[in-house]
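In listed order, ligands and their atoms are each counted from 1. Along the sequence shown, the residues carry numbers beginning at 1.
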Amino acid sequence: MTATSARWDHLLLDATLATFANEQPYGLLSDGAIALHDGQIAWIGRRDELPADTSSLARHVEHLGGALITPGLIDCHTHLVFGGDRAHEFDLRLNGASYEEIARAGGGIVSTVNATRAADEEALFEQSLPRARALLSDGVTTIEIKSGYGLNLESERRMLRVARRIGVALNITVRTTFLGLHALPPEYKERRADYVTLVCDEILPTLAAEGLVDAVDAFCENIGFSREETRRVFERATALGLPVKLHAEQLSDLDGAALVAEYHGLSADHLEYLSESGAQAMAAAGTVAVLLPGAFYALRETKLPPIELLRKHGVATALATDCNPGTSPLLSLRMAMGMACTLFRLTPEEALRGATVHAAKALGLNDRGTLEVGKRADLAIWHVRHPAQLCYWIGGSLCRQTLLAARTGSLHGGKTCV
Ligand code: DI6
Ligand code: FE
């Protein structure tokens, strides 16, 4: 820090703050001010609680003209590191083929596995970085990225290394999730149990020891992995001290939500086919529901996730893009929020809470997701003045700027869109 008598690094004045930290809808605070220091929120309150002359309070003082500030958005479920794309399958689906048919015919996830294995680390990084940048340009400051298109030690490692590099390159937090049980690799076609053993006994422990894994996920589905197979990888994750989460109840009800809740998992994701007992188990375990309206939309799914059940049982509900080349080529979390309102009937407040407070919970991060003193200074500043507008507008460049609490603790603003 440079020698200065100023108390804070940054002071933002004349802001409308969606704090999620008081009794108002969105925790709204108008005529607000927020001070940032050493990468954290140092002060927050009403403008008139500060002296009239603020010039000596901070090294940088900015007047926002009433603009909205929210916590930086958190995309808690993405598969954004992958090789190639699957635009041709989009065509096939439009001509009547189903996602399951394409998968069973050797397309789907396996075709992305082939493209990902063929890409070296540099190529994978170059292809994936723009997707992360796109999310940032719409207000995201924390991203979860899964492996699962490598399906062998070397390629899963490459994916996770690229994920970590994206975090460093963009000065954001990237949480990595190991998704070895995403699809059966073609070379194990007749040897399912052997592949699960390889994942549990070799790939996961090796990558965990290399510090590349923050959490463990699986695709528990008829076209993915069974409850018993999922349980095997959860047992290993637990033994390694890693939290678990699950792709559950996306295409059918395998009672995956109750399984991940049994392991006190961070989240159960998708959940269109969630049962009431599954919702109850999640509520009891504090497992977050992560809704993924991009996949619902792109697959033209008609079965809605049971929002009323989630509300009734008080399950914390988050939203994410599920950014992936097959079922959700979605590059805007704000768009996912709008879809969650229009398609799932979430309120705009539930949607924004789902992309901040509850998304932080889904990643096990308690240092962000609200605007409160001591929280990480990851903020999004918007061109609009009311948070409902973030869900209401479809498309457009609403994000004026994101502020990132970089790893050094110093703070810089990355102007992401104008
Ligand atoms: N569920 C999904 O929606 C993605 N993975 C998963 O387990 C789809 C991934 C893909 O089709 O490439
Ligand atoms: Fe997914």
- So is Arg86 close enough to ligand 1, meaning a heavy atom under 4.0 angstrom away?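 Right, Arg86 reaches ligand 1.
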- Query: Does Thr342 reach the main-chain N or O of Met339 with its side chain, forming a donor-acceptor pair under 3.5 Å?
  - Reply: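 Such a contact is absent between Thr342 side chain and Met339 backbone.
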- Message: Tell me if a side-chain donor or acceptor on Ser328 pairs with a main-chain N or O of Thr321 at a distance below 3.5 Å.
- Response: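 At least one qualifying donor-acceptor pair exists.
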- Would you verify whether the NZ or CZ of Arg93 falls within 45 degrees of the ring axis of Phe90 while also being under 6.0 Å from that six-membered ring's centre?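 Output no; distance or angle outside limits.
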- Select one of side chain, backbone, both or neither to describe which atoms of His79 lie under 4.0 Å from any atom of ligand 1, heavy atoms only.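 Contact part for His79 vs ligand 1: side chain (C-beta onward).
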- Task: Specify side chain, backbone, both or neither for Thr112, according to which of its non-hydrogen atoms lie closer than 4.0 Å to ligand 1.
- Result: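 Neither; nothing of Thr112 gets under 4.0 Å from ligand 1.
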- Please confirm whether His10 and His37 have ring centers closer than 6.0 angstrom.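 Centroid distance His10-His37: not below 6.0 Å, so no.
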- Cationic N near anionic O, under 4.0 Å, Glu121 to Arg164: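 No, no charged N to carboxylate O under 4.0 Å.
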Which residue owns the protein heavy atom closest to [atom], what's the atom, and how far is it?
| atom | result |
| --- | --- |
| atom 3 (O) of ligand 1 | Thr327 OG1, 2.8 Å |
| atom 9 (C) of ligand 1 | Tyr149 OH, 3.2 Å |
| atom 11 (O) of ligand 1 | Tyr99 OH, 2.5 Å |

- Message: At a threshold of 2.8 Å, where the distance has to be below it, does the Fe ion (ligand 2) have an N, O or S atom of His247 nearby?
- Response: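 Yes, since at least one N, O or S atom of His247 sits under 2.8 Å from the Fe ion (ligand 2).
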- Item | Backbone or side-chain N/O/S of Asp269 under 2.8 Å of the Fe ion (ligand 2) |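 No, outside the cut-off.
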- Proximal ligand 1 atoms for His270, defined as those under 4.0 Å from one of its heavy atoms: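 That gives atoms 1 (N), 2 (C), 3 (O) of ligand 1.
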- Query: Quick one: which ligand 1 atoms are inside 4.0 Å of a heavy atom on His247?
  - Reply: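 Once the distances to His247 are compared, the set is 1 (N), 6 (C), 7 (O).
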